[in-house]
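This one's a predicted model, so the numbers in the text were calculated from it and none came from an experiment.
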Protein chains: 2
Amino acid sequence: MALVESNKDNCKEKFMALRDAIDVLGGKWKIYILQNLSFGTMRFKDLQERVCGITPKVLSKELRELEENLLITRTVNDTKPITVSYTLTSYAMETKVVIAALMDFGLIHRKKIKEK
Amino acid sequence: MALVESNKDNCKEKFMALRDAIDVLGGKWKIYILQNLSFGTMRFKDLQERVCGITPKVLSKELRELEENLLITRTVNDTKPITVSYTLTSYAMETKVVIAALMDFGLIHRKKIKEK
DNA sequence: CTGTATCCACCTTGATACTG
DNA sequence: CAGTATCAAGGTGGATACAG
């Protein structure tokens, strides 16, 4: 049984879709950032503390990419000093299934490997 | 609404699960290899041709990792010359949901970005 | 506070050639 | 055929310092 149907017509499109998804969500930090933002709006500093160990340079880059992919919005608050908030877009809900599926598999897999 | 429930007791466990899943399935090639093997048993050379562009060194490494994670089995065939077959394990079915979810998101996302 | 700049170590991948 | 060895190159992320 195939993981996906072997349909010649849309096979290439599906491969591209996989590549897209992995590009958008993959890497070391993206899903953790989304995860944290799923609990509510957060500032740069908050994220830096919660996404344990990430440096400002990398966090900055990751946030920019998530914003380009329409998954988060960046808001500059007119406070003193200026603060910046990051929030999930409603579109980010589309990632919910993926993240849940990854988490489920991760939980199953840890058990599986332990009994090896 | 949170992508996952905010349950302090299992939050760390879930983060670890995400990390695990990304480690096992992430990277540039793993999912494509699984995808190809989902159509049936394949030899090293076949995979190299189908997973377009992968070099033997990298393919070899990826296959070893997938085997360690119990997702594929490696079989040496007593032919002349010797051939080697790779097959999905039944456990690999557990990745089906993840791959499907990634593909769905990828398809949605491509549309979303185009209309940007 | 919210980043950016610089420098650097590492890892991953690739090209190519080669072995059993 | 099924890989491994070697070397080179690029990207990625980290440490640290600094700027607006």
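Remark: B:Lys61 is in phosphate contact with C:dT13, judged by side-chain N or O atoms under 4.0 Å from OP1 or OP2. Taking side-chain N and O atoms only, B:Tyr86 has a distance below 4.0 Å to OP1 or OP2 of D:dG3. Note on B:Arg64: a side-chain N or O is less than 4.0 Å away from OP1 or OP2 of D:dT4. For B:Arg74 and D:dG3, the shortest distance from a side-chain N or O to OP1 or OP2 is below 4.0 Å. Look at B:Lys57 and you won't find any side-chain N or O under 4.0 angstrom from OP1 or OP2 of C:dT12. For A:Thr55 and D:dT16, the shortest distance from a side-chain N or O to OP1 or OP2 is not below 4.0 Å. Close to D:dC1, at under 4.0 Å from its OP1 or OP2, lies a side-chain N or O of B:Lys45.
The CG-C1' distance, from B:Leu59 to C:dA15, rounds to 16 Å in whole Å. Between B:Asp46 atom CG and D:dG3 atom C1' there is a gap of 15 Å when expressed in whole angstrom units. Counting to the nearest Å, the P atom of D:dC1 and the CG atom of B:Leu63 are 16 Å from each other. A:Lys28 has its NZ atom 14 Å from the P atom of C:dC10, to the nearest Å. Between A:Ile72 atom CD1 and C:dT2 atom P the separation is 14 Å, expressed in whole Å. Straight-line distance from the CZ atom of A:Phe44 to the P atom of C:dT2: 8 Å, rounded to whole Å. Summarising the geometry, the separation between CD1 on B:Ile54 and P on C:dT16 is reported as 17 Å, rounded to the nearest angstrom.
A salt bridge links A:Lys45 with A:Glu49: the distance from a Lys NZ or Arg NE/NH1/NH2 to an Asp or Glu carboxylate oxygen falls below 4.0 Å.
Of the possible polar contacts, none joining the A:Thr87 side chain to the A:Thr73 backbone as a donor-acceptor pair under 3.5 Å is found. With hydrogens and angles ignored, the 3.5 Å screen pairs no side-chain donor or acceptor of A:Asn69 with any backbone N or O of A:Leu66. In this structure, A:Arg50 contributes its side chain and A:Ile33 its backbone to no donor-acceptor pair below 3.5 Å.
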- Between A:Thr75 and A:Val84, does a side-chain contact (heavy atoms from CB on, under 4.5 Å) hold up when you go through it step by step? CA-CA 6 Å; A:Thr75 310; A:Val84 180; 6.0 Å; no

- Task: Tell me, with the steps shown, if B:Val24 and A:Phe105 meet side-chain contact (heavy atoms from CB on, under 4.5 Å).
- Result: CA-CA 10 Å; B:Val24 173; A:Phe105 174 70; 4.1 Å; yes

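Along DNA chain D, the nucleotide nearest to B:Glu49 and the one nearest to A:Glu62 differ in position, and the one closer to the 5' end is contacted by B:Glu49.
Remark on the helix from C:dC1-D:dG20 to C:dG20-D:dC1: inter-end axis angle 40°, axes from five-pair C1' superpositions, rounded to 10°.
Taking the salt bridge (charged side-chain N to carboxylate O under 4.0 Å, His left out) definition, one finds that B:Asp104 meets it with nothing, sequence neighbours left out.
Rounding to the nearest 0.5 Å places CZ of A:Arg43 at 5.0 Å from OG1 of A:Thr83. The distance from the CG atom of A:Leu37 to the OG1 atom of A:Thr41 is 8.0 Å, given to the nearest 0.5 Å.
In this structure, A:Leu18 and B:Tyr32 approach most closely via the heavy-atom pair C-OH, 4.1 Å.
Within residues 77-84 of chain B, the residues having any heavy atom under 4.0 Å from DNA chain D are, by residue number, B:Pro81, B:Ile82, B:Thr83, B:Val84.
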